[in-house]
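Reading through the structure tokens given below for one structure.
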Amino acid sequence: MISARMQEAINAQINAEMWSAYLYLSMSLDAQSKGFAGVSHWFRKQYSEEMEHAFKFVSYLESQGAKVNLLPIDAVPGEWSGVVEMFEKTLEHEKKVTSLIWSLCDLAADDKDYATTNFLQYYVSEQVEEEATAFEILEAAKMVEGDKAATYLLDQKLGAR
Ligand code: OFO
């Protein structure tokens, strides 16, 4: 059985994952409105991935007989200056999420909660991937900035996700 403080922390993380989903859906909509169909598609996929992250936590709490509390989701920004800023903010956000996951790991270690420690390893690995992907796309977006043909190709590439 997990501790009350761990249940509360995981409930907060469910909210953070859903906020991430909301953020990326907002980026998807903004990208679409700016004519970047591929970028929009990429963020729509990212939205789904964040919802999966949230649901994995929900299932975990359920499997532990713990209560899931769905907290209010804060508003997200609605507009970015362009693709570069979207991925700058994505990378920044993913770094923050990594620190949240690591805090959960600290708490699990402090509780000597081996089940949650084990469960969290998925998120530890996932965050390495999330940061690496955001960094890679950000670098590519910076490289092609101002070049319409290259930007078109990058948009096409992201649309293939
Ligand atoms: Fe759930 O990993 Fe991104 O935020």
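Remember, it's 1-based here, ligands and their atoms both numbered in the order they're listed.
Atom 1 (Fe) of ligand 1 lies closest to atom OE1 when only the N/O/S atoms of E17 are considered. Nearest to atom 1 (Fe) of ligand 1, among the N, O or S atoms that H53 has, is ND1.
Ligand 1 does not have E49 within reach: every non-hydrogen atom of the residue lies 4.0 Å or more from it.
At a cut-off of 2.8 Å, E126 does not coordinate atom 3 (Fe) of ligand 1 through any N, O or S atom. Among the backbone and side-chain atoms of E94, no N/O/S atom is found under 2.8 Å from atom 1 (Fe) of ligand 1.
At a 4.0 Å heavy-atom cut-off, ligand 1 touches Q127 through the side chain alone.
Here's the thing with E50: one of its N/O atoms is less than 3.5 angstrom from an N/O atom of ligand 1. Between Q46 and ligand 1, no pair of N/O atoms sits closer than 3.5 Å.
Side-chain contact between Y60 and Y122 is absent, with no heavy-atom pair separated by less than 4.5 Å.
Under the 4.0 Å criterion applied to side-chain N and carboxylate O atoms, K56 and E126 are not assigned as salt-bridge partners. K142 has a carboxylate O that lies under 4.0 Å from a charged side-chain N of E139, or vice versa, which qualifies the two as a salt bridge.
In this structure, a donor-acceptor pair under 3.5 Å is absent between the side chains of E131 and Q127.
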